[in-house]
Q: 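Just passing along the structure, written as structure tokens.
For clarity, every value in this text was computed on a predicted model and none was experimentally measured. Below, read A as the first sequence line, B as the second, and so on, with proteins coming before strands; counting in each chain starts at 1.
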2 protein chains.
Amino acid sequence: MKILIIEDEKELAYAMGAYLADENYLCELAFTLEDARQKLACHTYDCVLLDLMLPDGSGLDLLATMNHQQRLEGVIILSAKNSVEDKVKGLQLGADDYLPKPFHQSELLARIYSVIRRKNFNNLNTVQFEEIEINLLSKNVKVNDQEINLTRKEFDLLVFFISNKNKVISKSALAEYLSGDIADMFDNHDFVYAHIKNLKKKLLEVGGNNYLKTLYGVGYKWEK
Amino acid sequence: MKILIIEDEKELAYAMGAYLADENYLCELAFTLEDARQKLACHTYDCVLLDLMLPDGSGLDLLATMNHQQRLEGVIILSAKNSVEDKVKGLQLGADDYLPKPFHQSELLARIYSVIRRKNFNNLNTVQFEEIEINLLSKNVKVNDQEINLTRKEFDLLVFFISNKNKVISKSALAEYLSGDIADMFDNHDFVYAHIKNLKKKLLEVGGNNYLKTLYGVGYKWEK
DNA sequence: CTTCTATGATGAGAATTTTCATATTCAAAA
DNA sequence: TTTTGAATATGAAAATTCTCATCATAGAAG
């Protein structure tokens, strides 16, 4: 489970990071909005801990953007202000929980666990992208309500693309994801081509659109 | 592959980060010794790029600590000084390479690759159980110094057994581990039998002992 | 001790995954 | 614009993985 901690009080941020690391969460820290945006652009997290007052702006702006981009991360707002307006605004903007500072580590942990669990039960079961509907649990995929059979690798590929839509994904990242192993730089990853070809073919056969753009020399991007 | 860039010239640090990110390394930046120590306390990297002259001290001190703590990271010293003493001292303190500034990106890349490779091929990546020797990186397996070819699943199975030796492992745990997916209670996991059979056969063919006990109705246990 | 049932083992075949040789396409250099 | 080298696409073959039918065995029940 990966957590992004957006918090400009460095001492607090490091303390949270260390504590959560102990609990086997993978943590990354962002001390500014800009830093947070960078990290969110490159990575997907399971949960984001968001301080509202940051040196370069309000966390609420970031929250609005994330909501707008339909990010899947659970967001817990950490705020010292503890104003009702912020809390309401935060939850309206799609935050999943609000934790006033100061808080106990155990409480933080409990909230994180609950947010991740809730997210998982809401979003994890089905994912939709235009005419494509994926049930992550049963692993069924429908295109225009017509069911198609994908192999495991094709399914994984589709899910990975859709959950990273609009982002550029390198071939080696795909290789790593599909093989479930660190991608050796000096291996060739031609099997990725094969699975992409087969996935494309199956989607087209049932009248799906091709959302997968090839970015020569760079990778792939799934977008409308 | 994760790289920690310890470098106080921010522009250079960002440039390296961007370049290495392109090459599919995950990079983190530290601009001070303190920052670097924090990050090293929380994370493990595959390679550390270390500038020697940092605002809050000399990188050599950090190197000494890392050496003392027997950290596994490969360390490449980046230095503008290019003094023979620093180079000697750095290598004595356990650095793996020394790259005088300015350098070309391609050279940096080559050094990183070489350092990671060297680190990875030493015996830190091998696991031994009696006559069986496994290199986790190259994925070679030797039985009585004789190399055998295992498929990916057979290899994974062997590693899983040996790293859980003397413990009882259920069939569904094996299924989950091999498939890299939560094991569906209502699936049958007969493929586990197949891989176990094939692994056993290959090990016996080269004169290995059978360390795998079947616990009827319970699971398996790897023990001498 | 025998029978019965569920679990595990096995071989063969089906399906999937990966590799490989070849063709095509892209973008930089000439 | 044309050429060139590298990246991507593709079909088919090779290798691996999974399924299935059948057999063997452990342990419970009679």
Q: Report yes if at least one side-chain N or O of B:T214 is closer than 4.0 Å to OP1 or OP2 of D:dA26; otherwise report no.
A: no
Q: If you look at every strand shown and take non-hydrogen atoms under 4.0 Å, does B:H195 touch a base, only sugar-phosphate, or nothing?
A: sugar-phosphate
Q: Hey, does A:F155 reach any base, or is it just sugar-phosphate, or nothing, if we go heavy atoms under 4.0 Å?
A: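 Nothing, no heavy atom under 4.0 Å.
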Q: Toward the 5' end of DNA chain C, which comes first, A:L215 or A:V192, by nearest nucleotide?
A: A:V192
Q: Treating A:D56 as the side-chain partner and A:T32 as the backbone partner, does any N or O pair qualify as donor plus acceptor under 3.5 Å?
A: no
Q: For the pair made of CZ in B:F191 and P in C:dG8, what is the distance, rounded to whole Å?
A: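 In whole Å, C:dG8 P and B:F191 CZ are 14 Å from each other.
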Q: Between the base of D:dG11 and the side chain of A:K197, is there a donor-acceptor distance below 3.5 Å?
A: yes
Q: Strictly below 4.0 Å, N to O, side chains only: are B:E223 and B:K165 in salt-bridge contact?
A: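 B:K165 and B:E223: not salt-bridged.
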Q: Starting from C1' on D:dT8, measure out to CD1 on A:I169 and report it in whole angstrom.
A: 17 Å
Q: For the pair made of CG in A:L204 and C1' in D:dT10, what is the distance, rounded to whole Å?
A: 14 Å
Q: If you measure from CD on A:E130 to CG on A:N209, what distance do you get to the nearest 0.5 Å?
A: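 A:E130 atom CD to A:N209 atom CG measures 8.0 Å (nearest 0.5 Å).
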Q: According to a strict under-4.0 Å criterion, is A:T151 in side-chain N/O contact with OP1 or OP2 of C:dT17?
A: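 It does, given that an N or O in the side chain of A:T151 lies less than 4.0 Å from OP1 or OP2 of C:dT17.
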Q: Using the side-chain heavy atoms of B:Y193, tell me which of these nucleotides is nearest: C:dA9, C:dG11, C:dT17.
A: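 For the B:Y193 side chain, the nearest candidate turns out to be C:dA9.
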Q: With the side chain of A:A194 defined as its heavy atoms from C-beta on, choose the nearest nucleotide among C:dG8, C:dT18, D:dC18.
A: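 Selected nucleotide: C:dT18.
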Q: Rounded to the Å, how far apart are A:L178 CG and C:dT19 C1'?
A: 15 Å
Q: Tell me whether the count of non-hydrogen atoms from other residues, nucleotides or ligands lying under 6.0 Å of CG in A:N166 goes above 12.
A: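 Above 12, so yes.
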Q: For A:Y216 and for A:D190, find the nucleotide of DNA chain C with the closest heavy atom, then tell me which residue's nucleotide is more 5'.
A: A:D190
Q: Flag the pair B:K2 and B:D46 as a salt bridge only when some basic side-chain nitrogen lies within less than 4.0 angstrom of an acidic carboxylate oxygen.
A: no
Q: Taking CG from A:L212 and P from D:dT10, how many angstroms apart are they, rounded to a whole number?
A: 11 Å
Q: Give A:K201 one of three labels, base, sugar-phosphate or nothing, depending on what nucleic acid heavy atoms sit under 4.0 Å from its own.
A: nothing
Q: How is B:K153 classified with respect to the nucleic acid when contacts are heavy atoms under 4.0 Å: base, sugar-phosphate, or nothing?
A: sugar-phosphate
Q: Rounded to whole Å, please give me the gap between NE2 in A:H189 and C1' in C:dC20.
A: 16 Å
Q: If I take atom NZ in residue A:K213 and atom P in nucleotide D:dT8, what distance separates them, rounded to the nearest angstrom?
A: 17 Å
Q: Verify the contact: side-chain N or O of B:K200 to OP1 or OP2 of C:dT10, cut-off strictly under 4.0 Å; return yes or no.
A: no
Q: B:N198 CG to C:dA9 P: how many Å, rounded?
A: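 To the nearest whole Å, that distance equals 12 Å.
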Q: Assuming nearest nucleotide by heavy-atom distance, tell me which of B:E154 and A:I196 is located more 5' along DNA chain D.
A: A:I196
